[in-house]
Every structure is written in C-alpha cells, then in structure tokens.
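In what follows, a single structure is set out as structure tokens and then discussed.
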Amino acid sequence: MTTTETKLNSPKEKNTADQSQANADKSATRKLSTDAVHAGEARQKPGDAITDPVFCASTYTFADSQSIIDFIEQGQVREEYGRYGNPGEKVVEAKLAALEGAEEGLLYASGMAAIVGVFMSVLNAGDEVIFFDECYHRSREFCYKHLARFGVTTHQVKTGDFDAMADAINENTRLLVSESPTNPHLSVIDLEKFANLGKKYQIDSMIDATLATPFNLRPIEFGVDYVAHSATKYLGGHNDLLAGVVLGSREKLAPVRNLRGVTGGINHPHSMYLLSRGLKTFELRMQRHNANGQAVAEFLESHPRVERVYYPGLESHRDHAIAKSQMHGFGGLVTFLIKDADWRATADVVDRVKIARIAPSLGGVESLIEQPLLMSYYEAAPEDRQRWGIYDNMIRMSCGIENTGDLIEDLNQALGS
Ligand SMILES: *Cc1c(COP(=O)(O)O)cnc(C)c1O
C-alpha cells in the first residue's frame, strides 16, 4: 500500500505499510502470485485464447465404443459426465493446490458442501469427532443435528484447549476439527500442536482455514491432513460466487473425490471461470485486506466507544504470539464490542455505516458489516449465545479493498463520540 492511496493518515499507518511490505517479501519467495495467475492452466488453449474456455456441458462424448473401453481399462484422464467434474474445475483445483502447497484440491458448490464432503467420507456410525467450539454455526449444526442421525458423536471442547481435546480422545475418535482463525472471535490455533495430537493417536486432522487463506496460513506445512475453505470468501473474492474446496494428499482425497462423484454438489463451469478470474488478483487483494484489517483494528482499539477488539494482529489479542509465528498476515475480518451498548445501540452503529454494506459473508472486495446477534444467532437461545461468546454489543466487519482512510473515517462517524 502506498501512502498516496491513504487520505486519512493514522499514526499507525507506517506499521501497516511495513507489515504489508513484509508480507509481500515473504510471498515473493513463495511465488504465490505467479501460481495464482498461471498454475493449472495450459500454455496454449482452445481458440488460441489467453483465457480458459467455459464449457457448458453436462456430458462429454466418446468418439466410438473402443474409446470407452480404453478410457476404463487404461485409466485415461478425460471428462466423462458433468457430476464427476468439468475442465474449468480441474484448472482451479490445480491452481488452489499450488497455492496451498497440497498434492490435490477438490472443489464443491459451497464451503459447507466441502466440509460435509469430508465428514461423510471419513466417518462411519459409531465414530466420534472432536471440534473446537468457536466455529461457523452451520458446521456445528451439521455435526449435532445431522451427523448424530448417522450415529456419529461430536464433542466440542474449548477453542485452543489441547488438554481438553486430548482428554476427549478415545478409541472411536476419527477426526479432529478446528477453524483457524475462528469465526467470529479470530482465535488462532497452534497448528503444530493440533497436527501432532492427531499424529500421536493416528487420527486425521482438518482445519477450516477460510478466514486465513493460503496467503496467510498454510496448515499442510504443519502436518494437518485436510484443509477446507469456503472459496465464496477470499478465494473468489468478489462476492459473486459460491464454492468450497478441500485440499490434502492424493491418498486422503481419493475417497472424498469418489463420494463427491456419487453425491454431486460440484460447480457449474461458469462459476469456475469466475473463481479462476478472481484468483488472478489473489495476492494483491490479500495484501490490501490484511492492511485494511490491521488499520481498522488499530483504529477501533483506540476509540473510546469500543470496549474490545478481536483481531490476531493486535498485541492485545490472546493468540497474537502464535498468530505472528504461524501466519503471514491476519486478514480483513475484525470483530469488536461497543462499550455499554445494548443490541439496539449496537444496531444503530451498524446502521450509520455508509461504506460497508450490511450483509452476511466476508472476504470480498466490498466491505461488509453485521451484528452476529441479528445475522446468525437471532434464533439461538440466550444461554447458548453466552456460551459461544456471541454478545448483543458485538459487530463483525469484513474489510474489503477500499481506501483505508475512507473505511476508518466512516467508522469514526458511525461510532460518534
Ligand atoms: C462461510 C464459511 C463457511 C461456509 O461456506 P459457504 O461457501 O457459505 O458454504 C464455512 N466456514 C467458514 C469459516 C466460513 O466463513
């Protein structure tokens, strides 16, 4: 970020710029942007076009009967039927695998479809899952309401409490699951401890790293088996598509891929074109998301009307040390509490914001803002909200890629004095 782009110079501006530069240096050695632009793509494409075509096909033709026999007997790599994948999806799977440092990626029609895809292929009746308790509310709902119907037991333990997680392990435990950072508290998990706990007991581990993206965190480098993302968020990045991805080793993903071929839930080719296009600017967008997240978090922390800010890039954050050692940056999501405010006074702050739009979701170029109480937990019991740390005076903001000073100025007027 250059200073000319910033209208309102906060005293912390320099730190943000330094950090963004540090991130850029690290990612340069990781060749992230080159992979984001080129990985998975053929050098010469149909029609000699520089972009990949969108093949709107539900099925793929065989030249003759012998071609079918060759395809099966020789295990040829080609398309067969739309539910097993499409050419555009293969391009994006290879691109995401390169970015994540994974052997393979497997795309789904949404992040939830991806997470469910792993659960349903790894777990059998009688198995148990251990989940850190700060998580996306639909992941929790799937475990407790639906996996339970198939005889799978879920244990939720306090986020980051590895002793509690170890205590909950028994001979039926098949999967350890967490997000990092978590939604909406931005807690950061020590991934080395997490992966090692799984290895010690030969239990697979999965991280939903949606909030981090491979720009900020690459869980496979720490030994995690499955990495899931809602590609609807930063990977797509433009609030214009839904998709999800699971990444890991070829061996671990083989049964997951097989089940996806049975259940469906794959992507339309046009959506894959949008995802591939969105990924071209992945590194540039993430640099700005990180810079905006850090600047907004620092501004909010200094504001007298703000009681508390949850952002792993702040020294005041409980997990700042582990976040600093394992992450390249801390993302665009900032959660904060309004001092001495009930739900209505908190809603008033949200309603006065002019740039960020009021909507669920995160990770797009447009900033979004919401009150978790109203957006995701309106129907939850008050004692559950208390237990999950969803407070009436909580606001979650997803910083987009707008001008940093404009976002801060807008929040400043919305908070009033
Ligand atoms: C949004 C989100 C999901 C679900 O992804 P969809 O693409 O909406 O299905 C899962 N986990 C996290 C952390 C998310 O933010």
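Side chains included, hydrogens not; waters and symmetry mates left out as well; all remaining heavy atoms used. Keep in mind that this is a model prediction, so the values were computed, not measured. Counting starts at 1 for both ligands and their atoms, in listed order.
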**Message:** Are the side chains of Tyr226 and Asp204 in contact, using a 4.5 Å heavy-atom criterion?
**Reply:** yes
inquiry  = Is it the case that ligand 1 has an N or O less than 3.5 angstrom from some N or O of Ser230?
reply    = yes
| task | Find out whether Met394 and Thr346 are in side-chain contact, i.e. whether some heavy atom of one side chain is under 4.5 Å from a heavy atom of the other. | result | no
Looking only at protein heavy atoms, what sits closest to atom 9 (O) of ligand 1 is Met112 N, 2.8 Å
query = Just wondering, do Pro372 and Trp388 contact through their side chains at under 4.5 Å, heavy atoms?
reply = no
When distances are taken from atom 4 (C) of ligand 1, the protein heavy atom at minimum range is Tyr136 CE2, 3.6 Å
Test item, Ala243 contacting ligand 1 (heavy atom, 4.0 angstrom): yes
(request) Look only at interatomic distance and state if Leu211 has a nitrogen or oxygen under 3.5 Å from any nitrogen or oxygen of ligand 1. (result) no
The answer for which part of Lys233 has a heavy atom under 4.0 Å from ligand 1 is side chain
| message | Please evaluate residues Asp351 and Arg344 with respect to the criterion salt bridge (Lys or Arg N to Asp or Glu O under 4.0 Å), reporting the C-alpha separation (whole Å), side-chain torsions for both, the decisive distance (0.1 Å), and the verdict. | response | CA-CA 10 Å; Asp351 290 344; Arg344 184 67 252 181; 3.5 Å; yes
Less than 3.5 Å apart, any donor N or O on the side chain of Gln326 or Asp190 sitting next to an acceptor on the other? yes
Is the NZ or CZ atom of Lys233 both under 6.0 Å from the centre of the six-membered ring of Tyr136 and within 45° of that ring's axis? yes
Evaluate Asp208 for polar contact with ligand 1, using N/O atom pairs at a separation under 3.5 Å. yes
N-O pairing of Glu41 and Lys90 below 4.0 Å
no
Is the closest N or O pair between Glu179 and ligand 1 shorter than 3.5 Å? no
In ligand 1, the atoms that come under 4.0 Å of a heavy atom of Gly111 are 5 (O), 6 (P), 7 (O), 9 (O)
